[in-house]
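Working notes for the structure below.
Atom set for the values below is all heavy atoms of this structure, side chains included, hydrogens, waters and symmetry mates excluded. As the structure is a computational prediction, the values presented were derived from the model and not from experiment.
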Amino acid sequence: MKKRDTLSPMSTQETRVAALPERWLLLIHQLPAKPAYLRVKVWRRLQALGAVAVKNSVYALPAGEQGQEDFDWLLKEILAEGGEALVCEARFIDGLSDAEVRALFDAARDKDYAALAKDVQALAKRLRGRMAQEQRGEAKAELARLKERQAEIIAIDFFGAEGRQSVDGLITGIESRLEEEMPQSTRRTPAASQAPADLRGRVWVTRQGVHVDRIACAWLIRRFIDPKAQFKFVPPRGYEPEPGELRFDMFAAEFTHEGDRCSFEVLLARSGLKEPGLGEIAEIVHDIDLKDGKFAREEAAGLKMLITGICADTTEEEERLSRGARLFDDLFAIFSRKRATRK
């Protein structure tokens, strides 16, 4: 079987633009009872390609040259082992919608990202405190292996699953931690804070399909930074920013996950906003978005359910932002009032 090229996160982002397809490639197959290893072998191939099961023995990929080539190679393997298989291009009319199929892909990739995030977090814990040269070398080697896994997942993350931003931020955090051990002259310059006034009059760009972190960021921008802010929603891959645009919660964005901080936390810190109540909201958004229970906010479960309900009820980005903003307005009012009562 032809080996899939493994691309770096940057090259994958630039070269594998995934439009939202109306047509899909389906591999329909039937395997013989023997050899017994064939079933496991085919399953592993399908996992490596990023295919998802839409029915028993029916697997889907987004329609395109790469997907067709991948399925063709697997079809030949199945036929060579005495199985039956065919590849067809299809459009779902009833039973499954395109959005539901995309959700299957996102769920599979989120599971991959979650497993990777767990390993990245384990490495981050081992890097606390000063490191000897040998430890730093071992950490760099392990980080390189983790980044290779990251690139492999990104290569089959066709629709920009939510889990990627968390993993990207965790890996960036480890890279920054390792650089702290390097001579000052070789370190990267950290991103500078920006006053809210410097952020006004911009077009804010983020991924389509906004959820809690992006809804919270948009609320923060319109409530405290620029009430007239404009938002642009783009596919998760391949977007090149235009002059005057600022990106958030997406690959290579100016404001996105850093270390174990979600995009809302990063935007709040870098904008210098100090309004009472915003810190508590940042903790809630963190617990929902990163799912690590870091702050153990009891409000997280309720807000998560409400945001999920909004997203299930509409696919319109601005409507999600508007309805989500009302929730964050109420939260902000509650925390602001509590602060004022304590004084």
Side-chain angles (χ1 to χ4, degrees), residues 1-9 11-13 15-116 145 148-164 167 208-209 235-238 315:
M1 178 177 179
K2 184 177 179 180
K3 186 178 184 297
R4 175 188 291 276
D5 294 333
T6 300
L7 303 177
S8 68
S11 60
T12 300
Q13 178 73 16
T15 62
R16 297 195 58 171
V17 178
L20 299 181
E22 295 181 354
R23 302 191 74 84
W24 306 86
L25 291 173
L26 301 182
L27 172 70
I28 305 170
H29 68 283
Q30 183 173 346
L31 303 178
K34 295 182 180 181
Y37 68 81
L38 181 60
R39 193 170 302 277
V40 174
K41 179 181 178 181
V42 169
W43 181 83
R44 287 176 176 170
R45 290 275 196 268
L46 289 165
Q47 298 304 300
L49 298 179
V52 298
V54 294
K55 289 280 288 183
N56 186 33
S57 300
V58 181
Y59 284 78
L61 280 175
E65 292 183 4
Q66 182 66 58
Q68 183 172 340
E69 182 178 354
D70 290 337
F71 269 170
D72 283 346
W73 279 99
L74 183 52
L75 178 145
K76 291 175 183 177
E77 280 198 79
I78 293 171
L79 296 178
E81 294 283 0
E84 298 179 11
L86 61 88
V87 175
C88 63
E89 187 174 287
R91 181 167 61 90
F92 291 105
I93 297 174
D94 202 0
L96 274 178
S97 68
D98 287 341
E100 289 171 327
V101 178
R102 289 194 293 270
L104 293 175
F105 283 98
D106 286 343
R109 299 295 77 76
D110 276 334
K111 184 177 180 181
D112 294 338
Y113 283 129
L116 177 57
R145 291 191 290 271
E148 184 175 348
R149 283 176 58 191
Q150 177 196 28
E152 290 171 352
I153 298 171
I154 291 171
I156 56 175
D157 183 10
F158 304 112
F159 305 107
E162 291 289 329
R164 177 180 176 180
V167 169
Q208 296 166 338
R237 295 171 179 252
T315 59

Exercise. Ignoring hydrogens and geometry, is there a side-chain-to-backbone donor-acceptor pair from Glu81 to Ile78 under 3.5 Å?
Worked result: no

Exercise. Between Gly83 and Pro32, what is the shortest heavy-atom contact and its length?
Worked result: CA-CD, 3.6 Å

Exercise. How far apart are the closest heavy atoms of Asp110 and Ala161, and which atoms are they?
Worked result: OD1-CB, 3.3 Å

For this session: Please name the residue in the list Phe92, Phe71, Tyr59 that meets the side-chain contact (heavy atoms from CB on, under 4.5 Å) test with Leu26.
Result: Phe92

For this session: Determine the minimum heavy-atom distance between Phe105 and Leu61, stating which atoms define it.
Result: CZ-CA, 3.8 Å

Exercise. Atom CD in Gln66, atom CD1 in Ile156: separation rounded to 0.5 Å?
Worked result: 11.5 Å

Seminar exercise, completed: dist Asp70:CG -> Leu25:CG (nearest 0.5 Å) comes out at 9.5 Å

For this session: Output, in order, the C-alpha distance, side-chain angles, deciding distance and verdict of salt bridge (Lys or Arg N to Asp or Glu O under 4.0 Å) for Asp106 and Arg109.
Result: CA-CA 5 Å; Asp106 286 343; Arg109 299 295 77 76; over 6 Å; no

For this session: Any chance you could lay out the side-chain contact (heavy atoms from CB on, under 4.5 Å) test for Arg237 and Asp157, step after step, and finish with the verdict?
Result: CA-CA 10 Å; Arg237 295 171 179 252; Asp157 183 10; 3.7 Å; yes

Exercise. Measuring from Lys76:NZ to Leu74:CG, what's the distance to the nearest 0.5 Å?
Worked result: 11.5 Å

Exercise. Is there a donor-acceptor pair closer than 3.5 Å between any side-chain N or O of His29 and the backbone N or O of Glu84?
Worked result: no

Problem set entry | Minimum side-chain heavy-atom gap Pro235-Phe159 below 4.5 Å | no

Problem set entry | Closest approach of Val54 to Ala60 (non-hydrogen atoms, all atoms of both residues) | CG1-CB, 4.0 Å

Exercise. Between Ile154 and Tyr113, is a side-chain contact (heavy atoms from CB on, under 4.5 Å) present by the stated rule, with each step listed?
Worked result: CA-CA 9 Å; Ile154 291 171; Tyr113 283 129; 3.6 Å; yes

For this session: Please determine which of Arg39, Gln47, Lys41, Arg45 meets the side-chain contact (heavy atoms from CB on, under 4.5 Å) test together with Trp43.
Result: Gln47

Problem set entry | Euclidean distance, Gln150 CD relative to Glu148 CD, rounded to 0.5 Å | 11.0 Å

Exercise. Which is it for Cys88 and Ile28 under the side-chain contact (heavy atoms from CB on, under 4.5 Å) test, yes or no, and what are the steps along the way?
Worked result: CA-CA 8 Å; Cys88 63; Ile28 305 170; 4.3 Å; yes

Exercise. Between Leu116 and Ile153, is a side-chain contact (heavy atoms from CB on, under 4.5 Å) present by the stated rule, with each step listed?
Worked result: CA-CA 9 Å; Leu116 177 57; Ile153 298 171; 4.0 Å; yes

Problem set entry | Distance in Å, Arg23 CZ paired with Glu89 CD, rounded so as to fall on 0.5 Å steps | 5.0 Å

